[in-house]
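A quick note: this is a predicted structure, and the numbers were derived from the prediction, not measured. Position 1 is the first residue of the sequence, and the numbers go up from there. For ligands, and for the atoms within them, numbers begin at 1 and follow the listed sequence.
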Amino acid sequence: MIKLTDVTKTYEAGGVRTEALKGVSLEIEDGELAVILGPSGSGKSTLLNVISGLDTVTSGSIIYNGNELTEFSDTEMTRFRREQLGFIFQQYNLFPNLTVLENIQIGAEIGNEPLNVEELLKRVGLYDLRNKYPWQLSGGEQQRVSIARSLAKNPEIIFCDEPTGSLDEENSKQILAILQELNEEFGTMIIVITHNTGIAEMAHKVIRMNSGQIISNTVNPVRKRAR
Ligand code: ADP
Ligand code: ADP
């Protein structure tokens, strides 16, 4: 479980002070698929960045499995991020000169108990494309490679920032279906920032932000957690 208590984040840049997070408290359970919604500038990326250790908090506490993440040293945080967290962005960030298979193997090499790469390829419908290069794939296919790569190391948590932001509706639906299936099958905690309301429907928890605060946090009674 992740538990945030009264987290604030203030940016100071060029004399400008921005309170990006103003006292955010929140819990996300193991195996949960949580969605963060909110208008541009409301603090969604900042929230994701502080939970995933890409950025530090100004004050407050973030406890993950009994560890206070805000007290991790740089080395501990790097190791935690590398071994236990997966990231999926709007841009697919694939290695252009590696094949689909090789891109996913890179992910597996980082993990402690990596998943079987061939099985993963089949799970995301890419087995027949395993020897292609990223430029030979559609956007939706590239995003599936990116998902398989982050899942290969068998992370505790996958963070997604607008994973369907560059995709049309059909491909977005496919990506959503895959994220939901993987969450159910592997019990991986998935935290997604999105404007896509389809993702909100399949989430266990929907967190709405505005001006650096959580304005609502609802649990979907229809969806049961995997773990
Ligand atoms: P969202 O992801 O909801 O669009 P962000 O978390 O990116 O919102 O931004 C929240 C606020 O913090 C915005 O006002 C944004 O301009 C500001 N902000 C984000 N990152 C930085 C930064 N590195 N330096 C200064 N201000 C920032
Ligand atoms: P925006 O919120 O403006 O749409 P992005 O979605 O591109 O911005 O990025 C959200 C956050 O994730 C930013 O703080 C950015 O620095 C970070 N980020 C984006 N891509 C990567 C990456 N490949 N590796 C690490 N951090 C990234």
Side-chain angles (χ1 to χ4, degrees), residues 2-28 32-64 68-74 77-78 80-82 85-93 139 142-143 146-147 150 155 157-169 171-172 175-176 179 183 188-220:
I2 293 182
K3 184 177 162 79
L4 280 75
T5 309
D6 232 348
V7 169
T8 70
K9 176 67 185 182
T10 304
Y11 291 109
E12 305 262 12
V16 183
R17 210 178 128 86
T18 307
E19 293 183 2
L21 298 176
K22 306 174 191 166
V24 168
S25 297
L26 165 70
E27 283 180 18
I28 302 173
E32 210 163 53
L33 197 165
V35 161
I36 303 170
L37 302 172
S40 187
S42 58
K44 304 183 298 296
S45 295
T46 303
L47 179 61
L48 208 75
N49 289 351
V50 298
I51 298 177
S52 61
L54 270 178
D55 208 345
T56 56
V57 301
T58 303
S59 67
S61 152
I62 303 177
I63 292 179
Y64 175 67
E68 177 58 64
L69 292 189
T70 62
E71 287 169 5
F72 271 17
S73 67
D74 286 352
M77 185 49 91
T78 303
F80 174 67
R81 288 168 46 80
R82 193 179 150 85
L85 307 184
F87 294 90
I88 296 162
F89 296 99
Q90 182 170 345
Q91 316 86 324
Y92 317 118
N93 299 320
Q142 290 185 60
Q143 190 61 303
S146 167
I147 291 173
S150 62
I157 314 172
I158 294 184
F159 294 91
C160 312
D161 194 344
E162 294 287 358
T164 61
S166 305
L167 300 175
D168 62 22
E169 204 182 322
N171 277 299
S172 296
I175 294 299
L176 300 193
L179 287 175
N183 166 254
T188 315
M189 184 192 293
I190 303 184
I191 305 178
V192 190
I193 292 179
T194 186
H195 287 104
N196 187 317
T197 46
I199 299 190
E201 282 164 25
M202 65 185 216
H204 302 108
K205 191 168 272 173
V206 178
I207 297 150
R208 287 176 198 275
M209 296 194 67
N210 202 358
S211 311
Q213 291 175 311
I214 292 180
I215 54 168
S216 75
N217 183 346
T218 50
V219 174
N220 184 349

Give the single entry among [options] that approaches [atom] most closely by any heavy atom.
{"atom": "atom 6 (O) of ligand 1", "options": "Leu37, Thr46, Val16", "answer": "Thr46"}
{"atom": "atom 14 (O) of ligand 1", "options": "Thr10, Thr18, Asp55", "answer": "Thr18"}
{"atom": "atom 2 (O) of ligand 1", "options": "Gly212, Ser45, Gly38", "answer": "Ser45"}
{"atom": "atom 3 (O) of ligand 1", "options": "Glu12, Lys9, Lys44", "answer": "Lys44"}
{"atom": "atom 8 (O) of ligand 1", "options": "Ser40, Ser211, Gly43", "answer": "Gly43"}

Can you check whether [Y]'s main-chain N or O pairs, donor with acceptor, with [X]'s side chain at less than 3.5 Å?
{"X": "Lys44", "Y": "Pro39", "answer": "yes"}
{"X": "Lys205", "Y": "Glu27", "answer": "yes"}
{"X": "Gln143", "Y": "Pro163", "answer": "yes"}

Item to check | ring-ring contact (aromatic ring centres under 6.0 Å, His included) involving Phe80 - partner list, sequence neighbours excluded | outcome: Tyr64, Phe72

Checklist outcome for this item: Correct closest heavy-atom pair for His204 and Asn183 would be CE1-OD1, 3.3 Å

Item to check | Closest non-hydrogen atom pair, Ile88 against Ile147 | outcome: CD1-CG1, 3.5 Å

Item to check | Under 4.0 Å to a heavy atom of Ser42 - the qualifying atoms of ligand 1, by number | outcome: 1 (P), 3 (O), 8 (O)

Item to check | Sub-4.0 Å atoms of ligand 1 with respect to non-hydrogen atoms of Pro39 | outcome: 3 (O)

Checklist entry - Any N or O of Gly41 that comes nearer than 3.5 Å to an N or O of ligand 1? => result yes

